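What follows is a set of notes on a single structure, which appears directly below.
Chain letters run A, B, ... following the sequence lines, proteins first, then strands; residues in each count from 1. Remember, predicted model here, so these are calculated numbers, not experimental data.
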Amino acid sequence: MTPSGFSRRSVLQALAASGCVAPGFAWAQAAAGDLNIALLSQNSGNFATHGEVVFKGATIALEERGHTILGRKINLLRRDDEGKPAIGVRRLTELVETSQVKFFIGNASSAVGLAESEIAAREKIVQYAGGGSDEFTGARCNPYTFQWSASPYTASSTTLEYVRKAHPNAKRVYTLTVDYAFGHSLLKYTREAAPELGFELAGNDMHPLGERQYTQYFNKALAVKPDVILLLTAGSDFLAAVRQLSSYGLKKVIVAAPWAAELDELKELTPQMRAGLILGLNYHSSINTPVNKAFVAAAAKRYQMLPTYAMAYAYDTFRTIFLAMEKAKSVDSTAVARVMEGMQLDSVHGPTSIDARTHQTNRPYYVCLCKQPDAQKNDQDIADLVFQGDKPQPAALNQCSRT
Amino acid sequence: MNLVAAQIVNGLAIGMLYAVMALGLSIIKGLLNVPNFAHGALFAVGAYVCYTLSTIGAPFAVALIGAFSGAALLGFLIERFGIANLTGGSYLLQVLFLFGTALVIEQILVLIYGTTGVSLVPPAMLGGAMDLGFMFLPRYLVFCALVGAFSIVAVWLLIEKTRIGSSIRAGIERREMVQCLGIDIGTLLTLGFALGAGMAGLAGGIALPLLGANATSGNDMMAIAFVVLVLGGLGSLYGAVAAGILIGVAQSLTTLVAPSASTLLIYVIMTVVLLIGPKGLFGER
Amino acid sequence: MNKNLLALAAVVLLAVVAPMVIPISIANEIIVIAIFAMATNLVIGVAGLYSFGQAMFFGAGAYLTGYSLTAGGLSLVPSILIAIAGAAALAGIVGAVIIRRSGFYFMMLTFAFNQMAFYVVLVWSGVTGGEDGMAGIKRAPVGGLDLNDRSVFYAFCAVLFVASYVILRQIKKSPLGLVLEAAKENPRRMASLGYSVHGAQLAAFMISGAFAGLAGSLYVLLYRFVPIDSISWIMSGNVVFMVVIGGMSSMVGPIMGAAVFVWLQGLFSLLWAQWALLFGLFIIFVVFTLRGGLIELFKRVARIRRAGEAHHG
């Protein structure tokens, strides 16, 4: 299937899914014994690049196994959730009905992923999520949803640890937080971690989700003369904030963001705008582990590109699911989910484990420093990996009621 | 106190951007009586034209003129081949057409530029911030306010001091008079739409270094511009200018007391104003 | 043959055949959204009030049902009734404040109220789940019917869908509907004839709100989840476009609009990542060729057939 553009097979799939072809032979390709797995991600709208990149990551994981597992052929079904929870739920329901999908990944947005996790729990479908919310492994944990991304606690503490290490004299931190659940959890964890590292929280502002105008917040922030501005916001809000902060031409203030954007999204900013930015990330291509090196080589060979978070997420989650299937000697979703609980494996992060109760993947979190414009070798050479940490979320802060 | 002053200065600059955007909407709504749902897409077109011209080395001023002209040309085509053929039908048909057109424009921008947005660093002389003693004011914000004010004055001169301008004004205020003056109303509507569209493009160009651009980035601005339009009052060409500045300052000041309410605030202001005075602040109909 | 009966037969047939040819969940979403579109047509098509805030009532129904079933611990039917009553009451309150504003001002006021409702839901996350939506909703059995069975739930929705069609069509043809349509053309004249135009409009706004609330409620039961999209202004815009694409002249038009909107969007999105381009072109095509909406297509076919019969006769 060509990633974008028409192909005979995608037309057939489309016709089948929309009911133009009699259901009997529409899924002829899903012969008895084939395994249908799904990739639900955003292919249209502002973060459409995400859908493209996760597809590439998933393809590498499949090609590594020659598209077969335990003697079965694997079909990867790809759907567009448009980044909207309502559409994600609609597509997943449709897939469960028409194609008996029992394993899926894909959502970058935790709102979409959490909506889909309801179906995962009810229909017993294994979901390996990649959104930023701590609800996946917290209040809304369930037997079938697993979380690949690090806990926002790990993200906040790791990022601040690096700031402490790189700038021993920095003291006053001003936070700008997006006003919804994701921002609130980052702020909560920053308030836990900052005092332990000797930072003083000089002030905080909440901004509404989707805000486009940030100079009024920065006027307010700069009035208290902070050493660090910590951006607890993500996606296009974060990009707009950085863009406008750069228009002040500040030299002395450190700008850091524990969980804001992946490197692909930073291409939206010019190199001058992002230079010196400290960025927490779930993945960086220069992680020095055997599995990651092989993956980076495969991505270079197959797609001539350096993998970023989305690609690594899709690759690593499907790879883990396949490993669990082999270990369970089954493609039954319940059996595979049981094997994944407490599983030890060698992943792109190195030795990794999955928490048996919360389903959190215990792995490090990475901190990168964005390069100065003249130090960039090419347009993918955006930031250097400078630090990593893996302080897990304290059990007292976890709200998962599973036992 | 210093902070209040800082937020007012900041709000003036942002408000000017809203005013430029809303003035374009006001001209189109006034002349053709259609809410231009493609205004956001035209804003994005302006931003991308400005970006493209800047990256091939054109001076920023030329890029801004290009942003205006590109969007105006597109507006000309939309009116001449679309809206003009849909008169007499339901008002909602024109709205639906503009909605469809906006989708098409946005997707074409995606096909050309990809889904990752773009940014532009303003020219060196406009970069950095001025130390006003009580605040750091980014130079680009000052520029933004000046260009906004300049283009609003230019439109005012065009409308008040030229023959075509007075016909546009007559078209907005007394439709039946235009026919009496013997002016071709079709041409007038097309030119009016192009002018309004151009204003959206210009706003996109001015906002580029501040907000960046992607295919759908104009839609947030469009929502604000519509609020500004009704707040100013329909049929009042310059009400939109005052309302734009008012909204900019109000938003900026809310950040001091209840920042997360600033998006909500504009809708509250609009509702309250419309419930007290049904025709907005300066509306005539 | 009686035209009304024919239309009713077509609507029933659609409800029966749809799940046989397309995935049942999609068919189910279509009939639920169709209720929403018909409700919207009552204000837009019949009363000529351009409401761009319909998602406020759909969302109110959705969140009220979600809350009643989870935190409220109520059973299914009371939850649906609360959604209908709550959405109608909200429409009554909003309507009472804004019904005297006309045209574009009315449109912008409905939009503004919709935005305010959205932010309330977003910020009040302790109750609504905010951005992440409201989860944990279960379909309790109704009178021995196991609604967890897809077909049973579909049948349940289909009955309400046909009932909504019949009721809304009767309202359109009732004295209230006639006053509304006359007032759309000439409000001053209707008022001078002694009709309370604003009263009639407010009634239509509330009835529309009630059915939008019902649709929101069924939507939540369908997906057992309340996404925040359900109260977003995009939902309001979409439903207006469904009504205009389908055709405003009868209640069958909005049903077609809903079917095309839900189904075509899914189809296009499978074909091409830039499906919105195809969708935009489709809209422009409909605007230029079928000014009365898709329903026009059937009318034209019928006209050609009649002409043919007349010719042969």
Side-chain angles (χ1 to χ4, degrees), chain A residues 4 42-53 176-180 183 204-224 236-237 239-251 253 261 264-274 373 379, chain B residues 2-3 5-7 9-11 13-14 17-18 106-107 110-111 114-122 126-130 134-141 144 207-217 220-221 223-224 248-249 251-256 258-265:
Chain A
S4 71
Q42 193 168 354
N43 295 330
S44 56
N46 281 348
F47 294 103
T49 33
H50 185 266
E52 211 45 63
V53 178
L176 179 61
T177 311
V178 59
D179 195 6
Y180 76 102
N204 173 57
D205 257 325
M206 308 301 289
H207 76 78
L209 182 64
E211 177 72 271
R212 286 295 160 267
Q213 191 50 54
Y214 291 87
T215 46
Q216 67 269 33
Y217 301 101
F218 294 135
N219 289 341
K220 207 174 150 187
L222 294 174
V224 305
S236 44
D237 291 3
L239 295 173
V242 172
R243 203 177 269 131
Q244 288 167 36
L245 189 54
S246 79
S247 73
Y248 286 85
L250 301 172
K251 295 279 180 283
V253 182
D264 273 344
E265 293 172 52
L266 285 190
K267 288 180 190 160
E268 222 170 272
L269 302 171
T270 64
Q272 295 96 305
M273 288 175 176
R274 62 190 183 224
D379 73 333
Chain B
N2 284 347
L3 212 46
Q7 299 301 59
V9 174
N10 185 70
I14 304 307
L17 202 59
Y18 295 162
E106 285 167 11
Q107 291 303 313
V110 169
L111 284 178
T115 49
T116 310
V118 296
S119 295
L120 185 71
V121 177
L126 299 175
M130 296 188 289
F134 60 93
M135 72 178 291
F136 289 100
L137 182 64
R139 283 199 182 81
Y140 193 77
L141 273 184
C144 205
L208 178 64
L210 221 44
L211 306 181
N214 63 47
T216 51
S217 62
D220 300 322
M221 279 301 269
I224 296 174
V249 173
Q251 265 189 336
S252 195
L253 283 175
T254 348
T255 316
L256 290 178
S260 54
S262 64
T263 314
L264 192 56
L265 176 85

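- Partners of R212(A) by side chain to side chain donor-acceptor pair (under 3.5 Å), not counting sequence neighbours, listed by chain and number: S236(A), D237(A), D220(B).
- A donor atom on one side chain and an acceptor atom on the other are not found under 3.5 Å apart for Y18(B) and Q213(A).
- Between P208(A) and L264(B), every side-chain heavy-atom pair lies at or beyond the 4.5 Å cut-off.
- Comparing L250(A), V178(A), T215(A), D179(A) by how many heavy-atom pairs each has under 4.5 Å with chain B, the most go to T215(A).
- Only the backbone of P209(B) comes within less than 4.5 Å of a heavy atom of chain A; no side-chain atom from C-beta onward does.
- The main-chain N or O of L253(B) is never found under 3.5 Å from a side-chain atom of Q7(B) such that the two would form a donor-acceptor pair.
- Residues satisfying the side chain to side chain contact (heavy atoms under 4.5 Å, CB included) test with A129(B), not counting sequence neighbours, are Y248(A), F136(B).
- Interface residue N219(A): backbone and side-chain heavy atoms are both found under 4.5 Å from chain B.
- Using a 4.5 Å cut-off between heavy atoms, M273(A) touches chain B through its side chain atoms alone.
- In terms of heavy-atom pairs under 4.5 angstrom with chain A, the leader among L211(B), L256(B), V118(B) is L211(B).
- Interface residue I14(B): only side-chain heavy atoms are found under 4.5 Å from chain A.
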